[in-house]
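Just below is one structure, and these are the notes that go with it.
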Amino acid sequence: MSTYRSVKGMNDLFGDEAAGIIGVEQVFRRLAGTYGAQEVRTPILESKQLFVRSVGEGTDVVGKEMYAFTDRDGSELVMRPEATASVARMVVQHNLLHTDPKLRVFYAGPMFRRERPQKGRYRQFHQIGIECFGEASPVADIEVIALAHSLLLELGLDDVVIELGNVGGADCRPAYLDKLNSFLAQLGDALPEAARETAARNPLRLLDSKDALVQELLAEAPLPMDHLSASHQAHHDALLSGLQALGINVRVNKRMVRGLDYYCGPVFEAITQKLGAQAAVLAGGRYDGLLKAVGGADCPAVGFAGGSERLLLLAQSQRQTRSRTLGCYLEKEPVNLGVAAAPGANINDLLKFVTALRSAGVRVASDLSGRSLKAQMKALHRSACAYVLVLGETEFESNQAALRRMADGTTVNISLDFDTVLKAVLED
Ligand code: ATP
Ligand code: MG
């Protein structure tokens with residue numbers, strides 16, 4: 001066993017895992033581009049206060065799961081637990097909405113949360129996500145959900161269900177919270193201690209509590225979706241009608257509140273039955289108040305984030321049958337040409353030859369370190385090359401060599417002119 005091991009819950013990605021995560025990101029990159037979004041990258045480290053102010057101190061993500069530390073100059077930093085707050089900070093800091101008031105950006109990268117590791121839940125994991133700014137109309141919510149829907153389809157995850165909720169906003173939440181709080185007050189001591197604490201901090205969170213007793217006690221609780229203001233209701237109805245026009249099925253879940261404080265209006269999650277407690281593969285919604293919370297102007301915004309590992313786990317479970325798109329990333333790219341050095345070959349000539357081919361995009365396998373021809377051939381067989389050339393003095397002098405096609409063992413004599421070799425090995 002090696003002396004050093006990766007930190008608990010933080011995975012090395014290699015082989016199929018690495019190819020798969022990159023594949024998920026590539027599929028998302030292409031789709032997000034079709035929605036007019038530009039890729040951005042924000043730093044891993046951010047100030048702690050950014051997440052406290054935006055995601056909210058009472059949330060699990062900020063209250064319990066953040067990797068936080070004090071830097072040498074005394075600043076309180078965190079490893080980002082999510083990227084929406086970071087993107088909002090970036091947009092405000094660089095005044096990006098000045099040049100594009102309807103900016104759409106997307107990202108892919110690692111996030112960090114100190115949770116109990118299990119399948120589909122890690123301490124360093126990857127998210128892909130999109131954020132659309134400046135659009136108050138439900139069209140933005142519809143497009144964001146349509147993008148999520150097409151991501152799921154492209155990955156072959158057609159048994160994932162999109163659930164839609166609505167947490168209302170400033171013009172309906174205070175009145176609703178009054179109703180919820182009186183309902184909770186009338187439960188009195190029946191609520192468990194921990195739930196009473198949640199009720200004092202953020203009563204909405206009780207609605208999606210996993211505690212069976214709390215669920216039972218709140219079965220008849222007033223729900224935000226039944227108390228929407230006229231404008232939130234109209235927004236929600238337009239959203240449903242747009243999704244219906246696009247043929248996107250959603251299941252309405254009146255109890256969905258989402259974990260983060262910055263949501264208002266529609267929220268959604270894509271849910272699977274196949275990953276146990278790790279049921280959500282992506283989640284998002286509207287967060288019109290977020291930009292203001294991080295120091296910007298009032299600006300509507302909507303987006304989602306997806307967990308790349310969970311999307312990959314699901315896609316892999318049905319890979320052969322459904323996800324051809326992802327399959328192409330999981331298949332190893334073939335090596336076009338293997339080059340072996342015949343005994344006594346001039347290695348510099350060979351190096352020039354393979355380097356020129358590589359510059360032209362040919363995938364070349366070669367070991368020119370001076371091993372026996374037999375050892376070289378064995379290695380080339382292992383790397384599954386489409387073609388093999390054995391080159392030495394004779395070949396370079398005559399400018400001719402035997403090109404072996406590995407699939408059927410046939411050989412043809414070809415000229416070693418660059419264009420001829422290129423054409424021959426890239427033919428398949
Ligand atoms: P959960 O309820 O599973 O903890 P969440 O509500 O905390 O999820 P979000 O903050 O909405 O998750 O993040 C969006 C997506 O990121 C999730 O739907 C999930 O796919 C993924 N995700 C969240 N936390 C983890 C984690 N610790 N490991 C792997 N993926 C994660
Ligand atoms: Mg979580």
Side-chain angles (χ1 to χ4, degrees), residues 6-11 13 17 20-21 24-25 27-28 50-51 54-56 58-67 78-88 106-131 144-145 147-149 151-152 155 157 160-165 167 198 202 204-205 207-211 253 255-263 266-287 290 302-317:
S6 63
V7 172
K8 183 173 172 190
M10 305 203 173
N11 302 319
L13 295 178
E17 294 292 291
I21 295 289
V24 168
E25 293 179 351
V27 171
F28 181 68
L50 172 66
F51 295 96
S54 55
V55 178
T59 63
D60 284 355
V61 169
V62 168
K64 299 183 190 155
E65 300 168 359
M66 276 205 302
Y67 281 96
V78 294
M79 319 242 320
R80 63 178 188 195
E82 56 113 58
T84 300
S86 308
V87 169
F106 74 92
Y107 59 82
M111 308 295 156
F112 304 84
R113 298 184 191 179
R114 203 174 190 294
E115 308 192 65
R116 197 167 66 77
Q118 46 200 299
K119 186 175 177 192
R121 190 178 296 281
Y122 313 104
R123 291 180 172 182
Q124 173 170 341
F125 60 101
H126 295 79
Q127 282 187 342
I128 43 96
I130 184 164
E131 320 290 356
V144 160
I145 295 176
L147 168 61
H149 182 254
L151 176 68
L152 298 172
L155 294 176
L157 312 182
V160 173
V161 176
I162 298 179
E163 290 196 346
L164 181 69
V167 294
T198 310
N202 188 352
L204 266 185
R205 293 306 322 265
L207 295 176
D208 68 353
S209 165
K210 305 236 154 63
D211 183 325
N253 174 358
R255 286 185 179 265
M256 186 190 303
V257 293
R258 300 285 306 124
L260 322 178
D261 280 2
Y262 53 59
Y263 285 109
V267 290
F268 61 94
E269 277 184 1
I271 309 282
T272 172
Q273 307 297 326
K274 291 188 179 161
L275 294 178
Q278 284 56 257
V281 291
L282 64 83
R286 190 164 266 283
Y287 46 89
L290 178 63
V302 50
F304 75 79
S308 303
E309 283 84 354
R310 290 188 198 176
L311 289 165
L312 177 63
L313 276 170
L314 277 189
Q316 277 172 330
S317 71

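As the structure lists them, so they are numbered: ligands from 1, and atoms in each ligand from 1.
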| request: From the options Arg121, Arg114, Gln118, select the one whose nearest heavy atom is closest to atom 2 (O) of ligand 1. | output: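 The option holding the nearest heavy atom is Arg121.
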| query | Who's closest to atom 10 (O) of ligand 1 heavy-atom-wise, of Glu82, Arg113, Arg123? | reply |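 Closest candidate by heavy-atom distance is Arg113.
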| task | Drop me the distance from Glu25's CD to Gln127's CD, to the nearest 0.5 angstrom. | result |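 It comes to 11.0 Å.
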| message | Contact between Leu314 and Val160 at the side-chain level, heavy atoms closer than 4.5 Å - yes or no? | response |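 Yes. Closest side-chain heavy atoms under 4.5 Å.
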| query | Considering only heavy atoms from C-beta outward, does the side chain of Arg80 approach that of Pro110 to under 4.5 Å? | reply |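 Sidechains of Pro110 and Arg80: in contact.
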Any atoms of ligand 1 less than 4.0 Å from a non-hydrogen atom of [X]? List them with their elements.
X: Gly307; value: 15 (C), 16 (O), 20 (O), 21 (C)
X: Ala283; value: 11 (O)
X: Ala305; value: 14 (C), 15 (C)
X: Leu282; value: 18 (O)
X: Glu115; value: 24 (N), 25 (C), 26 (C), 27 (N)
X: Ala280; value: 17 (C), 18 (O), 19 (C), 20 (O)

| Result of checking Leu152, Leu282, Ile271 against Ile162 for side chain to side chain contact (heavy atoms under 4.5 Å, CB included) |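 Of all the options given, the one that passes is Leu152.
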| request: Determine, stepwise, if the pair Arg113 / Phe125 fulfils side-chain contact (heavy atoms from CB on, under 4.5 Å). | output: CA-CA 8 Å; Arg113 298 184 191 179; Phe125 60 101; 3.6 Å; yes
| said: Pairs of nitrogen or oxygen atoms closer than 3.5 Å, one from Glu309 and one from ligand 1: do any exist? | reply: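 Min N/O separation from ligand 1 is not below 3.5 Å for Glu309.
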| Charged N to carboxylate O under 4.0 angstrom, Glu115 versus Arg121? |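 Answer for the salt bridge query: yes.
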| Backbone, side chain, both or neither: what part of Gln127 comes under 4.0 angstrom of ligand 1, heavy atoms only? |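 For Gln127, the contact with ligand 1 is made by the side chain alone.
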| query | What part of Arg258 sits under 4.0 Å from ligand 1 if we count only heavy atoms: the side chain, the backbone, both or neither? | reply |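 Just the side chain.
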| task | Check side-chain contact (heavy atoms from CB on, under 4.5 Å) between Arg255 and all other residues, then give those that pass, not counting sequence neighbours. | result |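 Testing Arg255 for side-chain contact (heavy atoms from CB on, under 4.5 Å), a comparison that skips the adjacent residues, returns Leu207, Leu218, Leu223, Asn253.
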| said: Side chains of Tyr287 and Glu131 only: does a donor on one sit below 3.5 Å from an acceptor on the other? | reply: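 The answer is yes; a qualifying pair exists.
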